[in-house]
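These values consider heavy atoms only, across backbone and side chains, with no hydrogens, waters or symmetry-generated copies.
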Amino acid sequence: MSTEIKPPADEGPSNFIRERIQQDVAQGRRDGRVFTRFPPEPNGYLHIGHAKSICLNFGMAAEFGGRCHLRFDDTNPVTEDVEFVEAIQEDIRWLGFDWGDHKYFASDYFQQLYDYAEALIRAGKAFVDSLTPEEIKAYRGNFYKKGTASPYRERSVEENLDLFRRMRAGEFEEGEHVLRAKIDVEHGNINMRDPPIYRIKKAHHHRTGDAWCVYPMYDYAHCISDALERITHSLCTLEFEDHRPLYDWILAQLDVPGDPEQIEFAKLNLSFTVIGKRKLKQLVELGLVSGWDDPRMPTLAGMRRRGYTPESIRALCERVGVSKRNGMVDVSLLEHAVREHLNATSPRVMGVLQPLKLTLTNWPAGQVEWLDAPYFADDPARGTRPVPLGRELLIEREDFKEQAVKGWFRLSPGAEVRLRHVGIVRCDEVVKDEAGEVIELRCSLDMASRPGQPGAARKVKGTIHWVSAAHALPVEARLYDRLFNVEEPNEAPEGKTFLDNLNPNSLTVVADARVEPSLAGAPTGTRVQFERLAYFCVDRDSTEDRLVVNRTIGMRDSWAKLEAKGG
RNA sequence: UGGGGCGUCGGCAAGUGGUAAGCCAGCGGUUUUUGGUUCCGCCAUUCGUAGGUUCGAAUCCUACCGCCCCAACCA
C-alpha cells in the first residue's frame, strides 16, 4: 500500500494558506485534521467576495479530506434576519458546495458562551463596566494616546458575577453595563484595551427569540465557536489581522475543546464593481437596482439571475489566487471565465435585437422549410433544433450598411453575405420609407450555396443571423452593462460617493426583440447564445406568451474594436 | 507620536540563495458557415529604492520610500 498521497492536479496555483495547512498535516498537528468554516452573518446576501472565501474554505477542507462547517455568525439580533439565512444557504449550494450535517449558528452556543464568560469573570479576566459608551470610548484612548483603566476595572469577582447575572436577567437597560475582558488598557493594539465582549440588547433574535438580552460580541463569540467546533484553520480577511491577538488571548484563558488558528488573506476586489454588504444594501434600499438579485449586482443571486455559472465563478476564484496583497482584480478576468464556460455549454440559437426586414425574392411566398440546425456547429452530435425558413426574414439592423466601409464583411447594396444555415444571399435592392429610412432589403438566395449543395463551400466574408418574420417569438431582452463606469467606484471626489459613479446606461431594455421559435417555453434559467450577439439567460419574469431574457455577457467583438480604432 | 500588514509585467500571481511560471488584458498572425471559438507568436535583462553579505540575491541583512487596515456596546 502506497503511503504517497498525490494531490489532485487541478488545485490551482500554490498559496501560503495551502502551504501552511500542508505543513500542519505533514507534522501531524491536531491529528492531521483540517476543519474549516464559512461564517457569514445573516444580514445580507452573499456576493462575489464571499465566493472567494467559500471556495477557499470548502476547497481546503475537501483537498485535505477534512470538512467545512457553515456557521451563521448571528450575534447581533438587530441586523440579522431569517430571509438571509435561507438565501445564503441557497447561494452556497448553487455555487456547488455542501456542508453536509455541519450547519451551525453562533446562537447555538449562547449558553456555553455565557458560561465561559462567567468562567472568565471567576478567573478575574473579565469585569462588568458601568461606564457609558462615550466614557468607554474616551477611556480607551486612541492611536496617539494610551488608554486608562475604567474605575470599575477592579470590581470583585462576586460583584462582577452578580452584575453579569443581573444583566442576563434583564435588570438593566441597554448601555448601562457591558462585560469587558481585562487585558491591558495600554496595549498598542486597541483591540486589546479591555474590549467589550458582552452587551445588553433587548432585541428579538431570529432564532433564540427573547431568551436572551445579553449578546456576545464577535471577537468573543467567534474564537470560542471555532474551538467548540474543533475548527483547525479559521480563515478570514486581512482586516481581522489585528484581532488575532485577542482571538488567541480569549482561547488561552478558557478550557475549550479545540485549538484553532486564525489565518488572514486578502479579500477580493473587482474593478468596476462595488463589493461590500453595506454598499450593496444601500443600492437595494435606495431602489437603484431592483433588489439583491438584480442581474447587475455582484451578489451570487444577481449573478445567477444574470446567467453566470457557478463553474465560472469558481474558476475566477481559482485564478485570482490567495495572498495577502490587497489589490484589484480586473473584471475582464471574470468575464473571461464566464465566456469560457458559456462557450462550451450554451446551445446556439438565433435572435434579432433590432429587426430589419429582408425578403428572399426568389423564395416562393408561403413556402416554409424547417431547417435542421445544430445547437453547436462544431459538434452537430450535440443535437439540433428545427428552424423555419420563409420568404420574409428579419435580420439585425446593424448588419446592413448603405455605404460599405473598408473591412465591412456584412450586407450592403450589391454585397453578398451568408445567412447562417441557409446559404449566400445578395442584396439587390434597398427599400426606404418616405423619411428615407431603410425598411426592407430585397435579396436573392443562391440556391446552389445551400448546405449540401455543390456551391455550399463557396466563401463569402460574412455570415449573419436571422429569424423568420412569420415564426419569430417576441422577447424582451434586457441588456446589462457594468453598474459603474469607473474602475474603482469607491474613489469618489470630495462631496461625492460611489453612487455618483453609477453607470446610467447599465440597463437597456429591448422590448421587441425576436427569437427563433425553438426557444418557446424555455424554463427560467435556460442559457443560450444568440449567435454573434451575446449569451442570454431566461429570466423569471417570463410569462407564457412572452419571454424575458437577460444578457449575461456579449461576445467578444473584434469588429467593434476595429471600428473604434478607425475612429 | 501607537499597533498590524503589504510592495514581482497594465491587472492578478508563482517563486523560499542558483540566474523571473501561469492567467487576464494588449498586440500580430492562423483556422472558421458565429468579425465567436481554436491555434500560434510577441509582451519584466528585472523583482518599491539605496546600500551591504555572497562565486551567485526577487529570495539574506540594513536603511529609506510607498500603499492598506485599526480608535462600533458591528462583523
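Taking the side chain of A:Ser558 as heavy atoms from C-beta on, and the options B:rG15, B:rG35, B:rC74, the nearest nucleotide is B:rG35. Checking B:rC23, B:rC74, B:rG36 against the side-chain heavy atoms of A:Arg319 singles out B:rC23 as nearest. Picking from B:rU34, B:rA25, B:rG28 the nucleotide with the shortest atom distance to the side chain of A:Arg556 gives B:rA25. Taking every side-chain heavy atom of A:Asn15 into account, B:rA14 is the closest of B:rA14, B:rG35, B:rG28. The side chain of A:Arg420 lies closest to B:rU34 when the candidates are B:rU34, B:rC6, B:rA75. The side chain of A:His336 has B:rC24 as its nearest neighbour among B:rA14, B:rC27, B:rC24. Nearest nucleotide to the side chain of A:Asp73, out of B:rC73, B:rA13, B:rA75: B:rA75.
A 4.5 Å side-chain heavy-atom check between A:Ile464 and A:Phe400 finds every atom pair outside the cut-off.
The base of B:rG35 is paired with the side chain of A:Arg410 by a donor and an acceptor separated by under 3.5 Å.
Each of A:Phe409 and A:Val322 was matched to the nucleotide of RNA chain B holding its nearest heavy atom; the match closer to the 5' end belongs to A:Val322. The residue among A:Val422 and A:Gly321 whose nearest nucleotide of RNA chain B lies closer to the 5′ end is A:Gly321.
Taking the six-membered ring where the residue is Trp, A:His205 and A:Phe110 present perpendicular rings, their angle passing 60° and hence far from 30°.
Here, B:rC74 and B:rG66 have their P atoms 36 Å apart, quoted to the whole Å.
Within 4.0 Å of A:Arg348, counting heavy atoms only, lies at least one base atom of the nucleic acid. Residue-level contact check: A:Asn43 touches neither bases nor backbone, having no heavy atom under 4.0 Å from any strand.
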Show me the protein contacts with nucleotides 19-21 of chain B, counting only N or O atoms at under 3.5 Å.
none

Once each nucleotide of nucleotides 66-72 of chain B is scored for protein heavy atoms under 4.0 Å, what B/S/- sequence comes out, 5' to 3'? --SSBBB
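An anti base is found at B:rA63: its glycosidic angle is more than 90° from 0.
Between the side-chain ring of A:Trp559 and the base of B:rG35, a stacking contact exists by the 5.5 Å and 30° definition.
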